[in-house]
Student: 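Here it is, the structure in full.
Just so it is clear, the model here is predicted, and its values are computed rather than measured. In listed order, ligands and their atoms are each counted from 1.
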Amino acid sequence: MANEFSIDNTLCSALEERRAANLYRNRRVLESPQVPNVVVDGKSYTAFCSNDYLGLANHPAVISAFQHAANQFGVGSGASHLVAGHSSEHHALEEELAAFTGRDRALLFSTGYMANMGAITALVGQGDAIFEDRLNHASLLDAGLLSGARFQRFLHNDLENLQTRLDKTEAERKLIVVDGVFSMDGDCAPLPELAALAKKNNAWLMVDDAHGFGCLGKHGGGSAEYFGLSQHDLPILMGTLGKAFGTFGAFVAGSETLIETLIQFSRSYIYTTAMPPAVAAATRASLRLLQEEHWRREHLQQLIFRFRSGAQELGLQLLDSFSPIQPIIIGDEARTLAIAEKLAERGILIIAIRPPTVAAGSSRLRVTFSAEHSLAQVDQLLNALSDVVGTSSGSVGE
Ligand SMILES: *Cc1c(COP(=O)(O)O)cnc(C)c1O
């Protein structure tokens, strides 16, 4: 007889519950590069689900920079940054990111999750207060909880709600943290207003620009460039390199003192192996392309415009977004899955996003665009959506 308290017996009830609620997650196996025409589990699709917004993940110049650096530096960095793993490629990328963002300095982290963990826990702790938008990315919420600071979530983009909470705190260190572009909705945080509010309340502002960096701003400088926010307005700027940059990793940019503080006190910076130098070299190539090739952002805007007008004609429920993240809100989990499946039958790959990633009842198809998509592919998507809307019971946009 199996022991009723064995690990498998104990764990399987939560799995069964998740399956019954249509919330079970399955992984697909990608057999091609991350491009608009992907091969997944042996089948070809036109995909609208990567975060490779500028189409740089498979760019020949980025690949070549990666290969050259691998020949020169090998594959693994072999140590953490503070031990002996901080290579000249990492260092050069940090200097270029600082110049690009107009900050004193930038510090590389191995992932965005770790950058958020490391920055927030180094900046606030017990006796301090942290205020986060309730739609913030999971890594920011986890970091806030881990920090030990008094953790509060304010209503999405609601400055009055935030002010009310700030009025009630007696903490000396107050940290306000938001996504620049919200990852599941695609809308922007009101950063100029938040920066003013932070100053007025003697609070620090941190922005996670994972989805804005590379996409927004004339030169791809992200939310900070788009809104013209200097290091003085926005002292803690975090960006990731695995999305619009098409590579891997993340950084925090800010003052000399901020960066030295992170080097000394960020545990997720100190106690981990540095990213491979070749990844940093590839990212330097991405950074050059991203600044030179304005057409990528311009084409992306054309794709977004075409999609939004077509989807509105079909009566689909979109959100207030001008970013490459264009979710179609469906609501019910099972229905969202069914629609994604019907689209897959028509050769279109879009992922159904369900709770706990989004709020209950707000399941959605998270459509994302890349500069490598063509206008014809957007039309293909709209045609497929039109078919699926026509064959499903009731309006999909409910
Ligand atoms: C993707 C993402 C992260 C995590 O970045 P990784 O480099 O993938 O770990 C952090 N914040 C936001 C808003 C993100 O979308």
Student: Which atoms of ligand 1 are found less than 4.0 Å from any heavy atom of Thr240?
Tutor: 5 (O)
Student: Relative to ligand 1, is Asp179 under 4.0 angstrom through side chain, backbone, both or neither, heavy atoms considered?
Tutor: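 It is the side chain that touches ligand 1; the backbone stays farther off.
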Student: Heavy atoms only, cut-off 4.0 Å: how does Asn116 contact ligand 1, side chain, backbone, both, or neither?
Tutor: side chain
Student: With heavy atoms only and a cut-off of under 4.0 Å, state how His211 meets ligand 1: side chain, backbone, both or neither.
Tutor: side chain
Student: Where does the angle between the aromatic ring planes of His81 and Tyr269 fall among parallel (under 30°), tilted (30 to 60°) and perpendicular (over 60°)?
Tutor: parallel
Student: Counting only nitrogen or oxygen atoms and a 3.5 angstrom limit, does Tyr113 reach ligand 1?
Tutor: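 Among all N and O atoms of Tyr113, at least one is under 3.5 Å from an N or O of ligand 1.
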Student: Which pair of non-hydrogen atoms, one from Ser363 and one from Thr336, has the smallest distance, and what is that distance?
Tutor: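 Residues Ser363 and Thr336, closest heavy atoms: CB-OG1, 3.2 Å.
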Student: For ligand 1, note which part of Ala250 has a heavy atom under 4.0 Å away: side chain, backbone, both or neither.
Tutor: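 Under 4.0 Å from ligand 1, Ala250 contributes no heavy atoms.
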Student: From the options Val367, Ile350, Ile353, Leu349, select the one residue that forms a side chain to side chain contact (heavy atoms under 4.5 Å, CB included) with Cys49.
Tutor: Leu349
Student: Polar-atom distance check: Ala210 versus ligand 1, any N or O pair below 3.5 Å?
Tutor: no
Student: Quick check against the 3.5 Å criterion: does Ser110 have a side-chain atom that pairs as donor or acceptor with the backbone of Thr273?
Tutor: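 Indeed, once roles are kept as given, a pair shorter than 3.5 Å links the two residues.
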Student: Please check if the side chain of Glu372 supplies one atom and the backbone of Leu54 the other of a donor-acceptor pair under 3.5 Å.
Tutor: no
Student: Among protein heavy atoms, which lies nearest atom 11 (N) of ligand 1, and at what distance?
Tutor: Asp208 OD2, 2.5 Å
Student: What protein heavy atom sits nearest atom 14 (C) of ligand 1, and how far away is it?
Tutor: Lys243 NZ, 2.8 Å
Student: What residue and heavy atom of the protein are closest to atom 5 (O) of ligand 1, and at what distance?
Tutor: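 Sorting protein heavy atoms by distance from atom 5 (O) of ligand 1 puts Gly112 CA, 3.3 Å first.
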Student: For ligand 1, which atoms have a heavy atom of Ser139 less than 4.0 angstrom away?
Tutor: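 Answer for ligand 1: 10 (C), 11 (N).
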Student: Any chance you could lay out the ring pair (Phe, Tyr, Trp, His ring centres under 6.0 Å) test for Phe251 and Phe213, step after step, and finish with the verdict?
Tutor: CA-CA 11 Å; Phe251 70 92; Phe213 199 57; 5.0 Å; yes
Student: Angle between ring planes, His299 versus Trp295, binned at 30° and 60°: parallel, tilted or perpendicular?
Tutor: tilted
Student: Test the Arg19-Tyr24 pair against the cation-pi criterion, namely NZ or CZ under 6.0 angstrom from the six-membered ring centroid and within 45° of the ring axis.
Tutor: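 Satisfied, under 6.0 Å and within 45°.
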